[in-house]
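Each remark here refers to the structure printed beneath this line.
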Amino acid sequence: MKNKILPARETMERSYDTSGLIIYLFLIPFAIIILLLLIVLIIFTQIKQSPENSIDNSYDTQSVVSYNSEYEEKLLTLASVYSPLSDDYKPSLKNYNGIKYDSTLEEPLSALISAAKEDGVTIKVTGGYISKNEQDKLFKSEVERLMQEKDYSQVKAETEAEKSIPKGNHYDRQTGLSITLSTDDNYAWLEANAYKYGFIQRYTKSGEEETKVKADNSLFRYVGIENAKKIRILGMTLDEYVDYVNSR
């Protein structure tokens with residue numbers, strides 16, 4: 001028995017019917033998904049716009065921004081010959097074993113010392129905050145020493161003294177955010193890891209031109225972890241970094 005040959009037109013119609021059915025079945029799930037998404041979007045919009053669910057967060061937002069701004073400003077406080085502290089500057093001091101420093105340092109300093117100890121390095125805090133009056137006395141004493149021992153004029157003695165023992169309001173220890181540390185590994189661990197805890201070396205050899213203060217590898221300044229990381233990556237002094245931040 002010979003197979004029945006369908007007319008070309010009927011074959012094409014059946015092909016179109018099959019293709020249409022496949023496309024229809026394929027599009028149904030997508031249409032359902034789109035419809036569900038539209039319903040969810042409409043419901044969410046109505047809930048958000050309803051008076052009982054409308055919350056005014058303007059006050060809280062402003063408070064957070066203000067707090068962050070003030071905190072960031074504090075972390076980047078400068079005390080230098082170019083950016084002296086105001087006479088009424090007062091850090092939030094606490095006394096730790098006879099050494100004063102800003103309360104902001106309490107947790108990060110503890111974390112720093114603990115981490116060093118785990119790596120077999122002992123770190124001790126040997127100095128902290130110094131007042132303007134105390135710093136002025138040290139500066140005056142250094143000027144007198146240079147005049148007597150080096151036979152400097154007062155102007156030259158003051159210029160030289162400023163490089164190692166700056167006068168009041170020009171020295172970072174007065175911020176309360178700088179501390180003097182001693183280690184049993186010649187500061188190698190601190191130089192490699194201090195930034196991870198928000199600390200930087202305040203006065204470095206490479207930064208003497210910018211800070212106008214001789215290098216001191218024992219003085220570390222807390223600036224916060226993010227700032228410390230950026231300062232390290234950019235290879236800047238705190239003075240340069242503050243200028244960089246203010247210019248952006």
Side-chain angles (χ1 to χ4, degrees), residues 72-85 89 91 99-102 104-105 108-113 115-116 119 121-130 132 134-135 138-139 142-143 146 158-248:
E72 186 70 15
E73 184 177 349
K74 176 181 178 179
L75 292 182
L76 298 182
T77 298
L78 283 178
S80 71
V81 64
Y82 298 122
S83 299
L85 287 174
Y89 178 85
I99 296 175
K100 295 179 181 179
Y101 47 82
D102 195 284
T104 305
L105 276 64
L109 180 58
S110 177
L112 176 76
I113 293 173
D119 289 342
V121 177
T122 299
I123 295 177
K124 294 181 180 180
V125 181
T126 58
Y129 167 78
I130 189 168
K132 179 182 183 299
E134 291 174 303
Q135 190 63 31
L138 292 174
F139 174 76
E142 179 65 6
V143 170
L146 291 172
E158 289 179 352
T159 301
E160 289 301 310
E162 188 77 37
K163 296 176 182 178
S164 56
I165 307 177
K167 64 178 65 174
N169 291 340
H170 293 182
Y171 193 45
D172 209 85
R173 280 182 60 185
Q174 200 179 323
T175 65
L177 297 169
S178 280
I179 48 174
T180 304
L181 302 175
S182 67
T183 73
D184 57 2
D185 72 337
N186 199 29
Y187 297 96
W189 190 92
L190 280 171
E191 290 175 1
N193 297 284
Y195 77 95
K196 300 175 184 177
Y197 303 89
F199 291 89
I200 61 168
Q201 280 187 306
R202 180 62 180 94
Y203 301 116
T204 62
K205 184 67 178 177
S206 61
E208 287 182 351
E209 184 63 29
E210 286 74 32
T211 64
K212 304 303 180 185
V213 178
K214 292 181 180 179
D216 182 355
N217 61 357
S218 68
L219 190 69
F220 285 80
R221 162 65 186 263
Y222 184 72
V223 294
I225 294 175
E226 289 305 313
N227 288 323
K229 287 180 179 178
K230 291 175 183 177
I231 288 172
R232 185 179 179 87
I233 291 171
L234 295 170
M236 293 179 172
T237 63
L238 178 58
D239 308 69
E240 291 174 304
Y241 180 71
V242 170
D243 286 342
Y244 168 74
V245 170
N246 290 337
S247 67
R248 292 173 66 84

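Predicted model only: the values in this text are computed from it and were never measured.
Of all the heavy atoms in Ala79 and Leu85, the pair that sits closest is CB-CG, 3.6 Å. Summarising the geometry of Leu76 relative to Leu238, their closest heavy-atom pair is CD2-CD1, 4.1 Å, with the distance given to 0.1 Å. The two atoms that bring Gly168 and Gln174 nearest to each other are C-OE1, 3.7 Å, heavy atoms only. Taking each heavy atom of Ala115 and Tyr197 in turn, the nearest pair found is CB-OH, 2.9 Å. Nearest heavy-atom pair, Ile123 versus Ala116, reported as atom, atom and distance to 0.1 Å: CD1-CB, 3.4 Å.
Applying the side-chain hydrogen bond (donor to acceptor under 3.5 Å, both in side chains) test to Asp216 and every residue at least two apart in sequence or in another chain returns Ser218. Among residues two or more places apart in sequence or in another chain, the side-chain hydrogen bond (donor to acceptor under 3.5 Å, both in side chains) test is passed with Asp243 by none. Among residues two or more places apart in sequence or in another chain, the side-chain contact (heavy atoms from CB on, under 4.5 Å) test is passed with Ala161 by Phe139, Glu142, Val143, Leu146. With sequence neighbours excluded, no residue forms a salt bridge (charged side-chain N to carboxylate O under 4.0 Å, His left out) with Arg173. Gln135 is linked by a side-chain contact (heavy atoms from CB on, under 4.5 Å) to Ile130, Leu138, Ile165, Pro166, Tyr171, counting only residues two or more places apart in sequence or in another chain. For Glu208, the salt bridge (charged side-chain N to carboxylate O under 4.0 Å, His left out) partners are Lys205, not counting sequence neighbours. Applying the side-chain hydrogen bond (donor to acceptor under 3.5 Å, both in side chains) rule to Asn217 yields no partners; only residues at least two apart in sequence or on another chain are considered. Ser110 meets the side-chain contact (heavy atoms from CB on, under 4.5 Å) test with Ser114; sequence neighbours excluded. Not a single side-chain hydrogen bond (donor to acceptor under 3.5 Å, both in side chains) links Tyr89 to another residue, sequence neighbours left out.
Here the OH atom belonging to Tyr195 is positioned 7.0 Å from the CG atom belonging to Asn193, to the nearest 0.5 angstrom. Here Thr183 contributes atom OG1 and Ile113 contributes atom CD1; the two are 12.0 Å apart, rounded to the nearest 0.5 Å. To the nearest 0.5 angstrom, Ile200 atom CD1 is 9.5 Å from Leu219 atom CG. Separation of atoms OG1 (Thr204) and CE (Met236) is listed at 13.0 Å; rounding is to 0.5 Å. Expressed to the nearest 0.5 Å, how far CD of Glu210 lies from OG of Ser80 amounts to 11.5 Å. To the nearest 0.5 angstrom, Glu160 atom CD is 6.0 Å from Lys214 atom NZ.
In this structure a side-chain-to-backbone donor-acceptor pair under 3.5 Å is missing from Asp102 to Pro91.
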Determine all donor-acceptor pairs shorter than 3.5 Å in which one atom belongs to a side chain in residues 225-232; sequence neighbours excluded.
from, atom 1, to, atom 2, distance (Å)
Asn227, OD1, Tyr241, OH, 2.8
Asn227, ND2, Glu72, OE2, 3.0
Asn227, ND2, Val223, O, 2.9
Arg232, NH1, Glu191, O, 3.1

Donor-acceptor pairs under 3.5 Å, side chain of residues 175-182 to any protein atom, not counting sequence neighbours: which ones?
from, atom 1, to, atom 2, distance (Å)
Thr175, OG1, Asp172, O, 2.7
Thr175, OG1, Leu177, N, 3.1
Ser178, OG, Asp172, OD2, 2.4

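Counting heavy atoms from C-beta on, the side chains of Asp119 and Trp189 come closer than 4.5 Å. A heavy-atom distance below 4.5 Å is found between the side chains of Arg202 and Thr211.
Atom NZ of Lys74 has more than 12 neighbouring heavy atoms from other residues, nucleotides or ligands inside a 6.0 Å radius.
Sorted by first then second residue, the ring pair (Phe, Tyr, Trp, His ring centres under 6.0 Å) pairs that include residues 210-233, not counting sequence neighbours, are Phe199-Tyr222.
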